[in-house]
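Working notes, structure below.
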2 protein chains.
Amino acid sequence: MKISSKGENALRALIVLGQHQGNVMTIEEISKRTLVTDNYLEKILLQLKKLDFVTSKRGIGGGYLLRKKPSEINIGEVVRQLEGPLSPMGCASVTKYEPCELEPGCQLKPLWSLVRDTIALVLEHTTLEDLLENRVSSLKGEDFVVFKK
Amino acid sequence: MKISSKGENALRALIVLGQHQGNVMTIEEISKRTLVTDNYLEKILLQLKKLDFVTSKRGIGGGYLLRKKPSEINIGEVVRQLEGPLSPMGCASVTKYEPCELEPGCQLKPLWSLVRDTIALVLEHTTLEDLLENRVSSLKGEDFVVFKK
DNA sequence: TCTAAAGTCGACTAAATCAGTCAACTTTTA
DNA sequence: TAAAAGTTGACTGATTTAGTCGACTTTAGA
């Protein structure tokens with residue numbers, strides 16, 4: 001159930017860019033603040049650019065900046081684009097469903113669907129703005145519960 | 001955010017063993033019902049045995065069977081033992097915390113913690129018995145919600 | 001118009017993990 | 001004592017991951 005370093009580092013970069021909205025930042029500057037090597041960051045930023053989350057300016061004084069407002073950048077979508085489907089198994093994926101030989105009647109699929117849906121619930125309701133403003137609340141202390149209506 | 005085939009196949013095996021409680025099942029029989037090759041199942045069952053979820057009997061008439069009652073087999077624990085921590089990132093892991101250079105003040109960690117906690121909430125509240133009796137309810141149709149108290 | 005600063009692109013690699021195979025071995029029962 | 005079954009360890013092939021490297025293009029400003 002892991003997030004790879006690519007996804008993690010992409011989110012780090014978006015956060016740093018969000019903290020400097022309006023200003024372009026060079027790969028080197030982003031690298032300093034995210035602690036990701038610039039060679040690797042370059043790859044990730046290029047991918048974020050292709051996905052239209054960021055844009056860039058070449059030449060002297062160039063660099064990267066956010067393409068959309070932080071409130072319009074959905075974390076679920078970022079994770080999905082960089083890491084693949086949110087579902088732990090293809091059979092429970094909404095965006096990239098893969099049939100399984102054990103369907104129907106599989107007693108595992110409902111579990112994977114539930115896991116997928118709760119992950120999606122959290123990630124798709126979080127925007128970059130939420131992260132920037134520390135609006136993600138912890139479940140610790142049972143502030144949150146999942147319950148059946 | 002994937003479950004590997006090892007975790008999936010281990011759960012399949014446990015389900016099949018749960019459906020035949022009291023009877024030993026050979027690797028070959030389990031293989032037929034889970035659609036996992038017996039060479040690979042052998043590896044997985046051995047691991048499940050070391051973890052004390054199943055037990056085995058050698059020789060003619062031998063095979064595998066559950067070691068505990070299905071109601072005592074916690075799916076979160078099975079997944080954790082076979083796949084590693086439930087948390088998507090080490091910094092948010094409860095059972096295997098790994099420090100990160102960006103702590104404290106990291107704006108991502110609360111998100112990973114929330115994801116970990118919701119995954120744990122689902123998986124740790126599910127037992128093998130729940131799976132066998134199809135007691136895992138789907139989030140579809142918004143039967144469930146996550147909310148802040 | 002030249003130069004240095006920046007992003008862009010493609011090829012390559014080293015390590016890790018995963019999924020799976022195989023052969024030899026031990027235990028047990030009939 | 002033979003056959004059925006689990007046990008063990010070594011091995012392999014494919015894939016993914018996390019980078020590295022070098023050559024190239026674009027741009028601003030002196």
Side-chain angles (χ1 to χ4, degrees), chain A residues 1-13 17 20 23-32 34-67 79 81-85 88-90 98 100-101, chain B residues 1-13 17 20 23-32 34-67 79 81-85 88-90 101:
Chain A
M1 308 286 283
K2 292 285 163 294
I3 288 285
S4 76
S5 78
K6 187 165 70 174
E8 161 82 8
N9 291 332
L11 288 175
R12 286 188 188 183
L17 287 173
H20 294 76
N23 307 82
V24 297
M25 292 186 80
T26 64
I27 292 182
E28 210 189 330
E29 289 172 310
I30 301 171
S31 167
K32 262 190 203 121
T34 55
L35 305 182
V36 184
T37 63
D38 33 6
N39 279 324
Y40 193 30
L41 250 190
E42 171 196 310
K43 283 282 150 49
I44 291 169
L45 287 167
L46 229 34
Q47 197 170 351
L48 286 173
K49 187 184 174 185
K50 273 189 189 126
L51 294 169
D52 233 35
F53 293 115
V54 304
T55 185
S56 65
K57 205 171 159 253
R58 284 182 159 206
I60 295 178
Y64 285 90
L65 65 169
L66 288 185
R67 172 119 194 164
V79 172
Q81 295 297 337
L82 280 122
E83 301 274 311
M89 285 292 295
E98 285 170 47
C100 162
E101 336 110 287
Chain B
M1 308 288 283
K2 293 284 163 293
I3 287 284
S4 77
S5 80
K6 186 165 72 176
E8 161 83 8
N9 291 332
L11 288 175
R12 286 188 188 184
L17 288 174
H20 294 75
N23 307 81
V24 297
M25 292 185 79
T26 65
I27 291 182
E28 209 189 330
E29 289 172 309
I30 300 171
S31 168
K32 259 189 203 123
T34 55
L35 306 182
V36 183
T37 63
D38 33 5
N39 279 322
Y40 193 30
L41 250 191
E42 173 194 306
K43 282 283 151 49
I44 291 168
L45 287 168
L46 229 34
Q47 197 171 349
L48 286 173
K49 186 184 175 185
K50 274 190 189 126
L51 294 169
D52 234 37
F53 292 115
V54 304
T55 183
S56 64
K57 206 171 158 249
R58 284 183 159 206
I60 294 178
Y64 285 90
L65 66 167
L66 289 185
R67 174 121 194 163
V79 171
Q81 296 295 339
L82 280 122
E83 302 274 311
M89 287 293 295
E101 336 111 287

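In what follows, chains carry the letters A, B, and so on, assigned in the order in which the sequence lines appear, proteins first and then strands, with residues in each chain numbered from 1. Computed from heavy atoms alone, side chains included, the values below leave out hydrogens, waters and symmetry copies. Please read these numbers as outputs of a predicted model, since none were measured by experiment.
Between C:dG7 and A:T26, no contact under 4.0 Å exists linking OP1 or OP2 to a side-chain N or O. The phosphate of C:dC22 has neither OP1 nor OP2 within less than 4.0 Å of any side-chain N or O from B:Y40.
A salt bridge links A:R12 with B:E101: at least one charged nitrogen is closer than 4.0 Å to a carboxylate oxygen.
Taking atom NZ of residue A:K43 and atom C1' of nucleotide C:dT13, one finds them 12 Å apart after rounding to whole Å. Following rounding to the nearest Å, B:L41 (CG) and C:dA19 (P) show an atom-to-atom distance of 13 Å. Between the P atom of C:dA24 and the CG atom of B:N39 lies a distance of 14 Å, rounded to the nearest Å.
A:L45 comes within contact range of no nucleotide atom at all, as no heavy-atom separation falls under 4.0 Å. B:K49 comes within 4.0 angstrom of sugar-phosphate atoms only, judged by non-hydrogen atoms across all strands, and of no base. Using a 4.0 Å heavy-atom distance criterion, B:E42 is classed as a base contact. Using a 4.0 Å heavy-atom distance criterion, B:K6 is classed as a sugar-phosphate-only contact.
Tested against B:K6, the residues B:L82, B:V36, B:L11 include a single side-chain contact (heavy atoms from CB on, under 4.5 Å) partner, B:L82.
Ranked by how close their nearest DNA chain D nucleotide is to the 5' end, B:E28 and A:G7 are led by B:E28.
Heavy-atom distances under 4.0 Å link DNA chain D to A:R58, A:G59 of residues 50-59 of chain A, given in residue order.
Mapping heavy-atom proximity under 4.0 Å, the span of DNA chain D touched by chain A runs 5' to 3' from D:dA18 to D:dA28.
Under the side chain to side chain contact (heavy atoms under 4.5 Å, CB included) criterion, A:K49 pairs with A:V54, A:S56, not counting sequence neighbours.
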